Amino acid sequence: MKRKIILTILILFLAVFSYFFLGRETPKGDIVWGVNFSQKHAQNLGLDWKEVYSALIHDLGARNIKVASYWDLLEKEDGQYDFEDLDWQLETAKENGVSVMLVVGMKSPRWPECHIPEWAKGLTKEEQQEKILEFINTLVSRYRENSAISMWQVENEPFFPFGECTWADKEFLKMEVEFVRALDDRPVIISDSGEGSFWFQAASIGDVVGTTMYRKVWVWQIEKYFTYPFPPVFYGRKANLINLFFDKEVICVELQAEPWGPELLYTSPPEEQAKTMNLDKFKENIEYAEKTGLSGFYLWGAEWWYWMKEKQGQDQIWQEARNLFK
């Protein structure tokens, strides 16, 4: 009896391993390529953020951009909104035929992840949630007439415990999503870790699932660089399960194309940055992505490519990205 149990476990293990790690997916013929954009990140790199955003559209040729909206930039005082910068980003996209995925909520891309205004940091969780819904209501109501927006991303990796965030609440996330749906009928995308999740929670809530895709990163817990051992098929097979059980599409909303080291980019030396991202690694990650079988990828790091070109005199990655988009 004991041998039968062990044999059954072994067979199951081999079956699961074979499904997620062996074979390969069929590459998609028409992959949609896009970029992430963060006004904060561009500014922290010492760049003119409008100049970077314009270059992404006019020079790089990006026609799909995931734009991060930041609660602490848009509502610096309780109930007092300043939409000038975000208005400019969305109007510029509209004028140039760019499709925008707009991230809304408390948790938005880039450190510290949860971008809470100073005035809201002392509120209770319940009070913060009430203010977040007011913020979402104002934001979505303002931009739902903008044809450039293709979908709303509600929160950023809400199930992944990363960043300076004091709480996470799945039931509140559901409330946020239903709130957005009541205001507009465009799809809602929920993102989750590509390496640490099977995306079932995200698929149960959103209309589309967004995954991250990172290859080599610095792990603070062990103070070492780590390369994820997953083959491209790992992502494609997980996406097949989401399609089978939820009938929903999976796209990559963050494909690593920027360094991830022991320090934030703003203080990291170029030689340290090159350990996790350079032209060869950029090309490798694009080739890797193409083999997953996913149909869409938003590259993570376009602000850094521009910084490398303008501040470091190294435009190789920028030029390679231009070839990809054009």
Side-chain angles (χ1 to χ4, degrees), residues 36 66-72 74-75 78 81 86 100-110 112-117 120-121 123-144 146 149-212 235 238-254 294 296 298:
N36 284 260
K66 188 179 85 172
V67 172
S69 73
Y70 293 111
W71 186 19
D72 59 344
L74 296 172
E75 192 182 4
D78 187 7
Y81 295 95
L86 191 55
V100 171
M101 178 194 304
L102 185 61
V103 185
V104 301
M106 171 183 69
K107 195 176 183 187
S108 204
R110 296 294 176 183
E113 301 292 317
C114 287
H115 301 265
I116 304 172
K121 289 182 178 179
L123 301 179
T124 65
K125 173 184 172 181
E126 291 73 21
E127 290 171 335
Q128 284 186 352
Q129 290 177 343
E130 181 180 345
K131 292 298 182 179
I132 290 168
L133 291 179
E134 290 178 8
F135 169 62
I136 290 176
N137 177 59
T138 303
L139 187 70
V140 175
S141 297
R142 183 179 185 87
Y143 295 120
R144 60 187 172 189
N146 189 312
I149 297 175
S150 59
M151 64 180 75
W152 309 96
Q153 180 180 314
V154 177
E155 303 294 348
N156 188 59
E157 295 183 73
F159 307 115
F160 187 53
F162 181 70
E164 296 179 353
C165 304
T166 58
W167 56 267
D169 189 328
K170 182 178 179 181
E171 293 307 311
F172 180 68
L173 176 66
K174 292 179 181 178
M175 189 184 305
E176 289 178 283
V177 170
E178 291 308 315
F179 203 72
V180 172
R181 285 180 176 144
L183 294 168
D184 189 66
D185 59 2
R186 273 167 280 205
V188 170
I189 183 168
I190 301 296
S191 63
D192 204 354
S193 167
E195 296 69 43
S197 169
F198 283 90
W199 314 326
F200 291 119
Q201 290 189 94
S204 69
I205 297 174
D207 303 308
V208 181
V209 174
T211 180
T212 61
Y235 297 89
K238 290 200 295 182
N240 290 343
L241 290 179
I242 295 301
N243 182 261
L244 176 64
F245 291 113
F246 297 93
D247 192 27
K248 293 177 182 178
E249 182 184 15
V250 178
I251 64 173
C252 178
V253 294
E254 287 183 22
L294 301 187
Y298 287 76

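Numbers here are sequence positions counted from 1. These figures come from a predicted structure and were not determined experimentally.
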For this session: Start with the C-alpha distance between Tyr143 and Trp152, add both sets of side-chain angles, then the distance that settles side-chain contact (heavy atoms from CB on, under 4.5 Å), and finish with yes or no.
Result: CA-CA 11 Å; Tyr143 295 120; Trp152 309 96; 4.1 Å; yes
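- Considering NE2 of His115 and CG of Leu74, their distance stands at 11.5 Å, rounded to 0.5 Å.
- Nearest heavy-atom pair, Phe135 versus Gly105, reported as atom, atom and distance to 0.1 Å: CE2-O, 3.9 Å.
- The two residues Phe159 and Lys170 have their closest heavy-atom pair at CE2-CG, 4.1 Å.
- Partners of Lys66 according to the side chain to side chain donor-acceptor pair (under 3.5 Å) rule, which considers only residues two or more places apart in sequence or in another chain, are Asn36.
- Contact of the Asn243 side chain with the Asp247 side chain is registered, since non-hydrogen atoms from C-beta on lie closer than 4.5 Å.
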Problem set entry | Lys125 and Asp169: CA distance, side-chain angles, deciding distance, side-chain contact (heavy atoms from CB on, under 4.5 Å) verdict | CA-CA 10 Å; Lys125 173 184 172 181; Asp169 189 328; 3.1 Å; yes
For this session: Carefully, step by step, assess Ile251 and Met101 under the rule side-chain contact (heavy atoms from CB on, under 4.5 Å).
Result: CA-CA 12 Å; Ile251 64 173; Met101 178 194 304; 4.0 Å; yes
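- In terms of heavy atoms, Val103 sits closest to Ala68 at CB-CA, 4.2 Å.
- Scanning for side chain to side chain donor-acceptor pair (under 3.5 Å) contacts around Thr166 gives an empty result, with sequence neighbours left out.
- Interatomic distance, Lys107 NZ to Ile132 CD1, rounded to the nearest 0.5 Å: 12.5 Å.
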Problem set entry | side-chain contact (heavy atoms from CB on, under 4.5 Å) between Thr211 and Leu294, intermediate numbers included | CA-CA 10 Å; Thr211 180; Leu294 301 187; 4.1 Å; yes
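- Every side-chain contact (heavy atoms from CB on, under 4.5 Å) that Ser150 has, sequence neighbours left out, goes to Ser99.
- Note that the CG atom of Asn156 and the CZ atom of Arg110 stand 10.5 Å from one another [nearest 0.5 Å].
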Sequence neighbours excluded and cut-off under 3.5 Å, please list the side-chain donor-acceptor pairs for residues 187-194, or say none.
from, atom 1, to, atom 2, distance (Å)
Ser191, OG, Gln153, NE2, 3.3
Ser191, OG, Glu157, N, 2.7
Asp192, OD2, Ser197, OG, 2.7
Ser193, OG, Glu195, N, 3.3
Ser193, OG, Gly196, N, 2.9

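- For Gln128 against Trp71, the heavy-atom pair with the smallest separation is O-CH2, 4.2 Å.
- Minimum interatomic distance between Ser69 and Leu139 (heavy atoms only, all atoms of both residues): OG-CD2, 3.7 Å.
- The aromatic rings of Phe200 and Phe246 sit tilted relative to each other, their planes meeting at an angle between 30° and 60°.
- Side-chain contact check for Lys238 versus Val250: every heavy-atom pair is 4.5 Å or farther apart.
- Between the Ser204 side chain and the Gln201 main chain, a donor and an acceptor come within less than 3.5 Å of each other.
- The shortest side-chain heavy-atom distance between Met106 and Glu155 falls under the 4.5 Å cut-off.
- Legend: residues meeting side chain to side chain donor-acceptor pair (under 3.5 Å) with Lys248, ordered by chain and number and at least two apart, are absent.
- Counting heavy atoms from C-beta outward, Trp199 and Leu241 have side chains that stay 4.5 Å or more apart.
- Note that the CG atom of Asn146 and the CG atom of Leu86 stand 9.5 Å from one another [nearest 0.5 Å].
- Screening residues 172-195 for ring pair (Phe, Tyr, Trp, His ring centres under 6.0 Å) gives Trp167-Phe172 as the qualifying pairs, with residues at least two apart or on separate chains.
- In this structure a side-chain-to-backbone donor-acceptor pair under 3.5 Å is missing from Tyr235 to Thr212.
- Within the 4.5 Å cutoff, the side chain of Asp207 has no heavy atoms near those of the Met151 side chain.
- Within the 4.5 Å cutoff, the side chain of Val104 has heavy atoms near those of the Val154 side chain.
- Shortest non-hydrogen contact noted between Leu183 and Arg144 is O-NH1, 3.1 Å.
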